[in-house]
Peer 1: 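What follows is a structure written as structure tokens; I'll ask about it next.
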2 protein chains.
Amino acid sequence: MTIEIRGSDILAALENQGYRSTLPRREIIENLDKRSDGFTAEDLVRDLPHIGRATVFRTIKLLLEAGIICKLSLINGEPRYSLAHAEHHHHTVCVTCGTIGEFHAGTVERVLRLIGNEVGGSIIGHRIELYISCADCARQNIPVPTAGHTHVS
Amino acid sequence: MTIEIRGSDILAALENQGYRSTLPRREIIENLDKRSDGFTAEDLVRDLPHIGRATVFRTIKLLLEAGIICKLSLINGEPRYSLAHAEHHHHTVCVTCGTIGEFHAGTVERVLRLIGNEVGGSIIGHRIELYISCADCARQNIPVPTAGHTHVS
DNA sequence: GGGGAAGTGAGACTGAGTATCATGACTATC
DNA sequence: GATAGTCATGATACTCAGTCTCACTTCCCC
């Protein structure tokens with residue numbers, strides 16, 4: 001289920017959760033609207049210099065908690081954020097250009113649930129990230145960074 | 001395939017890769033031997049105060065590159081390291097006590113390869129972490145921390 | 001034993017994120 | 001419309017994990 005998200009929807013969602021609609025928040029959300037393929041907190045800080053660093057991070061935390069954006073990490077561990085276009089999804093991350101994609105994998109979910117039974121205890125959540133060299137980068141033959149552990153466990 | 005790893009094996013592996021066997025490295029590796037369920041860089045820095053911070057981090061990086069340890073993150077993003085006992089595996093992380101476990105999931109691997117084909121581009125690697133409340137914590141009824149997004153995408 | 005490469009330690013620095021706190025903006029109530 | 005209380009903001013200092021630099025030391029081979 002893919003959902004087209006607009007800034008106004010995000011604002012409405014936040015207001016529903018009891019948060020105020022303030023100018024800095026509106027500006028940050030508008031800025032997010034333009035970013036389809038992942039961004040860093042520093043991107044926002046740089047783009048919106050009149051908004052305090054702390055406010056940017058606070059708003060990111062808010063949006064994370066509201067499930068509007070999600071946090072993931074590049075193959076080297078660098079944090080990235082991305083607008084969540086779907087209810088439940090996972091990410092592909094291009095190791096060369098950093099572009100973030102989404103995918104759905106009901107099968108994987110089911111297998112993980114089975115594994116959870118074997119492991120003992122109860123499953124709280126999971127994190128799946130697929131590191132790829134995206135079609136564009138592969139076409140341009142951009143060399144894949146020789147990260148020490150390309151298979152990240 | 002589970003492998004019992006001893007400090008001497010690790011050292012030999014490093015030497016094979018052209019790294020010298022030095023006192024700080026031997027001490028760090030010996031210290032790892034005692035840690036079955038994950039550790040942080042700060043744990044090592046604290047345990048080995050006569051070894052420089054930079055050296056600890058340098059050695060961790062070395063061991064990561066050699067595939068002897070692996071890096072993962074708790075549900076809140078805190079970094080953790082763990083001895084890699086098997087060729088290819090994934091981790092379970094207890095969200096309450098932080099204990100790290102391992103599991104194998106050929107099915108998941110296969111599904112991810114299929115997804116890679118759909119996504120376009122070529123797969124470089126993947127990261128799968130299963131967040132659980134481990135058997136011990138579940139038995140003791142320790143409440144699971146209400147992380148904003150328990151399903152980490 | 002000597003020389004050169006590899007490794008170390010101290011400490012400054014970076015990048016991501018949090019804490020604090022005085023100030024400013026909203027909102028509900030009168 | 002004034003007011004009070006709550007929520008949000010910005011500046012700034014701080015933390016935490018990790019990196020960089022550089023002079024010094026250790027290791028290994030000849």
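Heavy-atom basis, side chains included; hydrogens, waters and symmetry copies ignored. Naming: A, B, ... by sequence-line order, numbering from 1 per chain.
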Peer 1: If the condition is salt bridge (charged side-chain N to carboxylate O under 4.0 Å, His left out), which residues does B/Arg113 pass it with, not counting sequence neighbours?
Peer 2: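 B/Arg113 satisfies salt bridge (charged side-chain N to carboxylate O under 4.0 Å, His left out) with no other residue.
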
Peer 1: A/Phe57 CZ to D/dA11 C1': how many Å, rounded?
Peer 2: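 Taking CZ of A/Phe57 and C1' of D/dA11, I get 15 Å after rounding.
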
Peer 1: Quick one: A/Glu42 CD to C/dT14 P, roughly how many Å, whole number?
Peer 2: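 It works out to 13 Å between those atoms.
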
Peer 1: Separation of A/Leu64 atom CG from C/dG17 atom C1', in whole Å?
Peer 2: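 In whole Å, C/dG17 C1' lies 12 Å from A/Leu64 CG.
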
Peer 1: Is it true that A/Arg35 and A/Asp47 make a salt bridge, defined as a side-chain N closer than 4.0 Å to a carboxylate O?
Peer 2: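 Salt bridge flag = yes for A/Asp47 with A/Arg35.
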
Peer 1: Could you give the distance from CG (A/Leu48) to OG1 (A/Thr55), rounded to the nearest 0.5 Å?
Peer 2: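 Taking CG in A/Leu48 and OG1 in A/Thr55, the distance rounds to 11.0 Å.
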
Peer 1: For the pair made of CG in A/Asp43 and P in C/dG15, what is the distance, rounded to whole Å?
Peer 2: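 Computing the A/Asp43:CG to C/dG15:P distance gives 13 Å.
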
Peer 1: I'd like a table of donor-acceptor pairs (distance under 3.5 Å, sequence neighbours excluded) in which one partner is a side-chain atom from residues 12-20 of chain B, with atom names and distances.
Peer 2:
none

Peer 1: Would you kindly compare B/Glu15 and B/Tyr81 by the position of their nearest DNA chain D nucleotide and give the one closer to the 5′ end?
Peer 2: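 Closer to the 5' end of DNA chain D: B/Tyr81.
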
Peer 1: Between A/Arg46 (CZ) and C/dG15 (P), how many Å, whole number?
Peer 2: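 Distance, rounded to whole Å: 10 Å.
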
Peer 1: Can you tell me whether the side chain of A/Arg53 and the base of C/dG15 have a donor-acceptor pair closer than 3.5 Å?
Peer 2: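 For A/Arg53, whose side chain was compared with the base of C/dG15, there is no donor-acceptor pair (under 3.5 Å).
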
Peer 1: C/dA25 P sits how many Å from A/His50 NE2, rounded?
Peer 2: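 Rounded to the whole Å, the gap is 14 Å.
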
Peer 1: Between atom CD1 in A/Ile60 and atom P in D/dT9, what is the gap in whole Å?
Peer 2: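 The answer, rounded to whole Å, is 13 Å.
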
Peer 1: What are the residues of residues 18-29 of chain B, sorted by number, that bring a heavy atom to within less than 4.0 Å of DNA chain D?
Peer 2: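 Residues of residues 18-29 of chain B that come under 4.0 Å of DNA chain D are, in numerical order, B/Arg20.
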
Peer 1: Mind calculating the distance between CG (B/Asn76) and P (C/dA16) to the nearest angstrom?
Peer 2: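 From B/Asn76 CG to C/dA16 P: 18 Å.
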
Peer 1: Got a sec, which pairs hit salt bridge (charged side-chain N to carboxylate O under 4.0 Å, His left out) with one end in residues 51-64 of chain A, sequence neighbours left out?
Peer 2: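 As it turns out, the salt bridge (charged side-chain N to carboxylate O under 4.0 Å, His left out) pairs with a partner in residues 51-64 of chain A, which skip direct neighbours, are A/Glu42-A/Arg53.
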
Peer 1: Just jot down the salt bridge (charged side-chain N to carboxylate O under 4.0 Å, His left out) partners of B/Glu30, sequence neighbours excluded, or say none.
Peer 2: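 Counting only residues at least two positions away or on another chain, B/Glu30 forms no salt bridge (charged side-chain N to carboxylate O under 4.0 Å, His left out).
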
Peer 1: Output all residues satisfying side-chain contact (heavy atoms from CB on, under 4.5 Å) with B/Leu11, sequence neighbours left out; order by chain, then residue number.
Peer 2: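 Applying side-chain contact (heavy atoms from CB on, under 4.5 Å) to B/Leu11 gives B/Ser21, B/Arg26, B/Ile29.
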
Peer 1: Under 4.0 Å, heavy atoms only, any strand: does A/Ile51 hit a base, just the sugar-phosphate, or nothing?
Peer 2: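 If one applies the 4.0 Å heavy-atom cut-off, A/Ile51 turns out to touch the sugar-phosphate alone, with no base involved.
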
Peer 1: Side chain of A/Lys71: nearest nucleotide among D/dA17, D/dT19, C/dG17?
Peer 2: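 Ranking D/dA17, D/dT19, C/dG17 by closest atom to the A/Lys71 side chain puts C/dG17 first.
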
Peer 1: Among D/dG10, C/dG17, D/dC20, which is the nearest nucleotide to the side chain of B/Ala54?
Peer 2: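 My answer, after comparing the listed nucleotides, is D/dC20.
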
Peer 1: Whether the side chain of A/Arg58 and the base of D/dG10 hold a donor-acceptor pair under 3.5 Å is what I'd like checked.
Peer 2: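 When only heavy-atom distances are counted, A/Arg58 does reach the base of D/dG10 through a donor-acceptor pair under 3.5 Å.
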
